[in-house]
Amino acid sequence: MASDFLRSRMSADDIAAALRDGRHVSDHAFDALLPNDSRTASLRFWSPVMVAVVAARWLELYGARRVLDVGAGSGKFCTIAALATGLVLDGIERRGHLVEQARSLAAALGVADRTSFMHAELDVAMLADYDALYLYNPFCEGGYDRRQWMDESLELTPEGAREDVARVEAALDAMRVGVQVVTFHGFGGELPDTFALRRSWSFAGGTLRFWQKARAGPSERRLVEHDWV
Ligand SMILES: C[S@@+](CC[C@H](N)C(=O)[O-])C[C@H]1O[C@@H](n2cnc3c(N)ncnc32)[C@H](O)[C@@H]1O
């Protein structure tokens, strides 16, 4: 059984070639590139391959060039998006060991020239440097019971998560017209109605939504994304 698994394993080169050519790669095959702890975390915390590919194509279709993944984790979204499109992707991630994983993954897949990973807490001042943000419910863990956390490398609190969400909401108000935001399972907050929903797609129990800022503020109401977990 184990040898069947090893024989059927795709190499990083095979996976990179398939994603570059627009061929399907399963999450099982992709996640086999990750270390054990991260592979286990993938189902709950990392973007499914299909979600990353669709999100990246939408971003490119609507003219994005430079994208920030807020809470980049193991680099799954950034590396897949870089293989599926010509986007340049930066990821910011508060867990140092995941930043190391993301850099190794990008090197193995041959996309280290179009991806970069910062080990830092999100500073919303940096959001203005990007054409687009990718938010896969990055702050959700803070609201979970600690048994549901990815690991115990950080002490998380609901207050900390609420503060991060509020900072992102305020930053969205200040962003320029045309900026793009893609959410998967929402981001725990509400978008200002200066953003228009351009695309949405439900997959694997979550909804991927593509938003674009359509007019300058002020916003009159907030738009709730209902499916965040
Ligand atoms: C749901 S995972 C998404 C991972 C990745 N974006 C993907 O789609 O595969 C959210 C990640 O955000 C990180 N994170 C949460 N809050 C953060 C913050 N304030 N600054 C930086 N990273 C953060 C977590 O450590 C976690 O790795």
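Note that the numbering runs from 1 along the sequence shown for the chain.
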Do [X] and [Y] sit within salt-bridge range, that is, some charged N less than 4.0 Å from a carboxylate O?
{"X": "Arg103", "Y": "Glu100", "result": "yes"}
{"X": "Asp31", "Y": "Lys76", "result": "yes"}
{"X": "Arg65", "Y": "Glu60", "result": "no"}
{"X": "Asp27", "Y": "Arg39", "result": "no"}
{"X": "Arg222", "Y": "Asp173", "result": "yes"}

State whether a side-chain donor-acceptor pair under 3.5 Å links [X] with [Y].
{"X": "Tyr136", "Y": "Asp69", "answer": "no"}
{"X": "Tyr134", "Y": "Thr183", "answer": "no"}
{"X": "Ser153", "Y": "Asp151", "answer": "yes"}
{"X": "Asp37", "Y": "Thr40", "answer": "no"}

Next item on the list: Evaluate the side chain to side chain donor-acceptor pair (under 3.5 Å) criterion for residues Ser74 and Gln101: first the C-alpha distance (whole Å), next the side-chain angles of each, then the deciding distance (0.1 Å), finally the verdict.
Entry: CA-CA 6 Å; Ser74 65; Gln101 284 181 22; 4.9 Å; no
Next item on the list: Could you go through the salt bridge (charged side-chain N to carboxylate O under 4.0 Å, His left out) check for Arg20 and Asp13 one step at a time?
Entry: CA-CA 10 Å; Arg20 281 202 171 96; Asp13 286 349; over 6 Å; no
Item checked: Residues which pass side-chain hydrogen bond (donor to acceptor under 3.5 Å, both in side chains) with Glu93, listed by chain and number, not counting sequence neighbours -> none
Note to self: Walk me through whether Arg66 and Asp90 qualify under salt bridge (charged side-chain N to carboxylate O under 4.0 Å, His left out).
What the structure shows: CA-CA 8 Å; Arg66 224 175 142 216; Asp90 291 346; 2.9 Å; yes
Next item on the list: Given salt bridge (charged side-chain N to carboxylate O under 4.0 Å, His left out), test Arg146 with Glu155 step by step and report yes or no.
Entry: CA-CA 9 Å; Arg146 65 189 308 128; Glu155 201 54 40; 3.0 Å; yes
Margin query: Determine whether a donor-acceptor pair (N or O, by modelled atom type, separation under 3.5 Å) exists between the side chain of His185 and the backbone of Asn137.
Written below: no
Item checked: Donor-acceptor pair, side chain of Arg114 and main chain of Ala82, under 3.5 angstrom -> yes
Checklist line | Stepwise side chain to side chain contact (heavy atoms under 4.5 Å, CB included) check, Val67 with Leu133 | finding: CA-CA 6 Å; Val67 179; Leu133 309 179; over 6 Å; no
Item checked: Test log, rule side chain to side chain donor-acceptor pair (under 3.5 Å), inputs Ser200 and Thr207 -> CA-CA 7 Å; Ser200 99; Thr207 303; over 6 Å; no
Check: Hydrophobic clusters join Ile, Leu, Val, Met, Phe, Trp and Tyr when side-chain heavy atoms are under 4.5 Å apart, directly or via other members; which others share one with Phe117?
Finding: Val99
Next item on the list: Heavy atoms only: give me the nearest Ala56-Leu87 pair and the separation to one decimal.
Entry: O-CD1, 3.7 Å
Note to self: Are there over 12 heavy-atom neighbours, none belonging to Leu61, within less than 6.0 Å of that residue's CG?
What the structure shows: yes
Notebook entry, point to check: Does atom CZ of Arg221 have more than 12 heavy-atom neighbours, drawn from other residues, nucleotides or ligands, at distances under 6.0 Å?
Noted result: no
